[in-house]
Enquirer: 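One structure follows; several queries about it will come next.
Chain A is the first sequence line, chain B the second, and so forth, proteins listed ahead of strands; every chain is numbered from 1. Fair warning: this is a prediction, and the values are worked out from it, not measured in the lab.
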There are 2 protein chains.
Amino acid sequence: MPDAPKTIKDVAAKAGVSIAAVSKVLHGSGTTVRVGTQTAERIQKAAKDLNYRPNRHARSLRLNRSYTVGLIFHGIDNLSKQLFKVHVLDGVHDAVIPAGYDVILLHDLSRGPGYSQFVDGDRFDGLIWARLSSFEQFSGIVQQVKSPMVALSTPSRPGLPLVPKLCCNNRQGMDLLIDHLWKLGHRQYAYLTESYLAEMMEPMDREEGFCEAVGRRGGDFEIVRFNDAASEVYRWMEQGRYPGAVIGWNEDTAGYVLESALKLGIQVPNEISVAGFDSTWYCDTTSPRLTSVRQPILQMATDAAAILLALIEGEAAPVLERSYPCTLDCRESTAEVNPRFI
Amino acid sequence: MPDAPKTIKDVAAKAGVSIAAVSKVLHGSGTTVRVGTQTAERIQKAAKDLNYRPNRHARSLRLNRSYTVGLIFHGIDNLSKQLFKVHVLDGVHDAVIPAGYDVILLHDLSRGPGYSQFVDGDRFDGLIWARLSSFEQFSGIVQQVKSPMVALSTPSRPGLPLVPKLCCNNRQGMDLLIDHLWKLGHRQYAYLTESYLAEMMEPMDREEGFCEAVGRRGGDFEIVRFNDAASEVYRWMEQGRYPGAVIGWNEDTAGYVLESALKLGIQVPNEISVAGFDSTWYCDTTSPRLTSVRQPILQMATDAAAILLALIEGEAAPVLERSYPCTLDCRESTAEVNPRFI
DNA sequence: CTGAAAGCGCTTACAG
DNA sequence: CTGAAAGCGCTTACAG
């Protein structure tokens, strides 16, 4: 720990000017303080010589800006097992770091002690809220949060607060998948989901999309809702009441099906077809490789961050809602229906 | 955006006391301001009624604390493909969030414009630096950085700065692996690494550990150094000059070998054995499942964070260096040597 | 073109 | 037991 950090005073002293001039030259935007070219140069040099960097907290206090963006998920424990979230983090980082902002990852404590920590105006200049839960939660948040926010992976719905919303087109994605399976002859489907998702808007859309896509074609389907898919899928598979096509609400859930099938000696895709949603690289590592609907996660995250930045800078929201088409990555876990399921 | 944020003044006014009293009651630690019980209660109540939360920047400026911890890796692009780093992030989060600190992920720009952003005393209360590069870099950083730091995944070496260092025992881990392979009859080994790792201390240890473990037993080995393993491993495999046992410096690199083998029709583990290092869940998703040395990543990260927190709080460093034993996860990618390699 | 001064919201010796 | 005041390092009207 060499010397005390340099302050604006040190620079002013060294350059023989007032601290106002220094401030103006180094960051000034307004037209309030005018400085001559030579003076400016002298100040620049002094700052450089002293290796001066302005105190972050002082600026923040004065300007009421934190240069920090919050990224909020429902859960952030065990991120390593949730590639979707890590991808979002990657995308947000990409967009936000070059602009000089930090990003802080937060847990969505909505069911807990309230939103206080997000609401604090001084902590974040803006918030990216991923996968908003209920209608009520959304409205509650918007009412309380003081800084700009954008909702990621949150579908648009009539009556929702006027916050920018970005979401992949879950219905279209599901339709793509069902179309694929239907052509392979599948008429019986199961959709595996978890109970905590019941009121989240994107998972709801996805589930409804599934029901519609199968229903419209005249197929049979059931919704299987687990409290903890990781530990319960195996037992469900073991009971043997699965249909010929099993779809996980996301790729992780579909992964549990694959693992269980392997343990139980159920052949995928010969006996049953399995598919998921998201299509990160995880789907390339399963055996068999997992067929999955793909959403453009990285793009969505980057866009969300860019929009948030614009809002922070005071621009009007460029878009209020954006829907991203999904594509289908056909891998190895889906095939023609086994005759036994017809 | 309802009303302006409440300040300490509002609370003082409502409670009919001075702001000094409020400050003391809400956060005061020293014995400087004494407050009566009833006054204290009145202040507490006022603060609660107003839903007061102190301004973060003002406190930070005054106390010269940021309540933020920096986590620095060599690269943070594409985190989703680097589970090791995500695990570290998970561990640091676990330890640091409950203590009221934020964590910010940073790119190690050591080869770039200097450490200025880390050096700024006001930005972080402490730094966790993962996988420090060269000896020189380490010393340079320590000289400049003003806040406490701990070095993660950095082995201890004579002459290194007196910063707490946590590292898995790479040599012991490698020995475990080679022992396993040796017993399976393997006498010829390749170690795949990347050139940017050449001066990082942990990768160096790991590589040396490999050389020693094989050398001591009298085996043959070669070091294969890629610029970009992701794109170059396949070609190397294609040339067919691989030995019977191929070890990646980490699990990702070993994963490339597995993928390449699959494409080239090389049977693992019948024709060659493949192994890696780290042993995250990734190793359970490859086919065949990847044998790997395991390091207790989460524990190490949690410990690093706890030590850093202690340093920040002004305690003396509880340990200066800690070495964590590795274990071996034998999965499916290693087997008896193919006679052709004898 | 330039500087003196107020103030962002807090904490902490200091004086009563 | 309590409060007035200084000051953390900045920025920005305001006056010259």
Enquirer: Find the distance A:Lys6:NZ to D:dC8:P and express it as a whole number of Å.
Expert: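 Result: 15 Å.
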Enquirer: Quick one, which residues of residues 7-14 of chain B touch DNA chain C with a heavy atom under 4.0 Å?
Expert: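 Hits under 4.0 Å, by residue number: B:Thr7, B:Ile8.
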Enquirer: Are A:Leu308 and A:Pro148 close enough that some pair of their side-chain heavy atoms sits under 4.5 Å apart?
Expert: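 Side-chain contact under 4.5 Å: yes.
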Enquirer: Check the distance between D:dT11's P and A:Ile43's CD1 and give it to me in whole angstrom.
Expert: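 After rounding, the reported distance stands at 12 Å.
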Enquirer: List in chain and number order the residues that pass salt bridge (charged side-chain N to carboxylate O under 4.0 Å, His left out) with A:Arg59, two or more places apart in sequence or in another chain; answer none if no residue qualifies.
Expert: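 So A:Arg59 forms no salt bridge (charged side-chain N to carboxylate O under 4.0 Å, His left out) with any residue.
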Enquirer: Checking A:Ser80 now: which residues fulfil side chain to side chain donor-acceptor pair (under 3.5 Å) with it, not counting sequence neighbours?
Expert: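 For A:Ser80 the side chain to side chain donor-acceptor pair (under 3.5 Å) partners, ignoring immediate neighbours, are B:His87, B:Asp90.
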Enquirer: Closer than 3.5 angstrom, by distance alone: can the side chain of B:Asn55 be matched with the main-chain N or O of B:Ala58 as a donor-acceptor pair?
Expert: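 Checking the backbone N and O of B:Ala58 against the side chain of B:Asn55, a donor-acceptor pair under 3.5 Å is found.
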Enquirer: My understanding is that only residues two or more places apart in sequence, or in another chain, count here; which of them pass salt bridge (charged side-chain N to carboxylate O under 4.0 Å, His left out) with A:Glu202?
Expert: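 A:Glu202: salt bridge (charged side-chain N to carboxylate O under 4.0 Å, His left out) contacts with A:Arg131, A:Arg206.
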Enquirer: Whole Å only: how far is the CD1 atom of A:Ile19 from the C1' atom of D:dT11?
Expert: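 Interatomic distance, CD1 of A:Ile19 to C1' of D:dT11: 9 Å.
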Enquirer: Kindly point out which of D:dC10, C:dG3, C:dC10 is positioned nearest to the side chain of A:Ala58?
Expert: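 Closest nucleotide among those given: D:dC10.
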Enquirer: Sub-3.5 Å donor-acceptor pair from the side chain of A:Thr302 to the main-chain atoms of A:Met300, do we have one?
Expert: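 No: the side chain of A:Thr302 does not pair with the backbone of A:Met300.
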Enquirer: Just how far, in rounded Å, is P of D:dC8 from CG of B:Asn64?
Expert: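 In whole Å, D:dC8 P lies 11 Å from B:Asn64 CG.
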Enquirer: Can you spot which of B:Asp125, B:Asp122, B:Asp102 makes a salt bridge (charged side-chain N to carboxylate O under 4.0 Å, His left out) with B:Arg65?
Expert: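 Going through B:Asp125, B:Asp122, B:Asp102 one by one, the salt bridge (charged side-chain N to carboxylate O under 4.0 Å, His left out) with B:Arg65 is satisfied by B:Asp125 alone.
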Enquirer: Tell me whether the OP1 or OP2 atom of D:dT2 has a side-chain N or O from B:Thr39 closer than 4.0 Å.
Expert: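 Checking D:dT2 against B:Thr39, a side-chain N or O does come within under 4.0 Å of OP1 or OP2.
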Enquirer: So which nucleotide from C:dC10, C:dT12, C:dG7 ends up closest to the side chain of A:Arg62?
Expert: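 Minimum distance to the A:Arg62 side chain belongs to C:dG7.
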Enquirer: Roughly, in whole Å, what's the span from CZ in B:Arg65 to P in D:dG9?
Expert: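 Atom CZ in B:Arg65 sits about 16 Å away from atom P in D:dG9.
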Enquirer: Closer than 3.5 angstrom, by distance alone: can the side chain of B:Thr154 be matched with the main-chain N or O of B:Leu132 as a donor-acceptor pair?
Expert: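 Side chain of B:Thr154 to backbone of B:Leu132, a donor-acceptor pair under 3.5 Å: yes, one is there.
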Enquirer: Whole-Å distance between C:dA6 P and A:Leu63 CG?
Expert: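 Distance check: A:Leu63 CG to C:dA6 P gives 20 Å.
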Enquirer: Rounded to whole Å, please give me the gap between CG in B:Leu61 and P in D:dG7.
Expert: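 My rounded result for the distance is 14 Å.
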Enquirer: In whole Å, I'd like the distance from the CZ atom of A:Arg59 to the C1' atom of D:dG9.
Expert: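 Result: 11 Å.
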Enquirer: What pairs of residues pass the side chain to side chain donor-acceptor pair (under 3.5 Å) test when at least one of them lies in residues 39-49 of chain A, not counting sequence neighbours?
Expert: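 Applying side chain to side chain donor-acceptor pair (under 3.5 Å) to every pair that reaches into residues 39-49 of chain A, excluding sequence neighbours, yields A:Lys45-A:Asp49.
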Enquirer: Can you list the stems that include DNA chain D, where a stem is three or more consecutive Watson-Crick or G-U pairs with distances under 3.5 Å?
Expert: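 In DNA chain D, stems of three or more pairs: C:1-3 with D:14-16, C:5-12 with D:5-12, C:14-16 with D:1-3.
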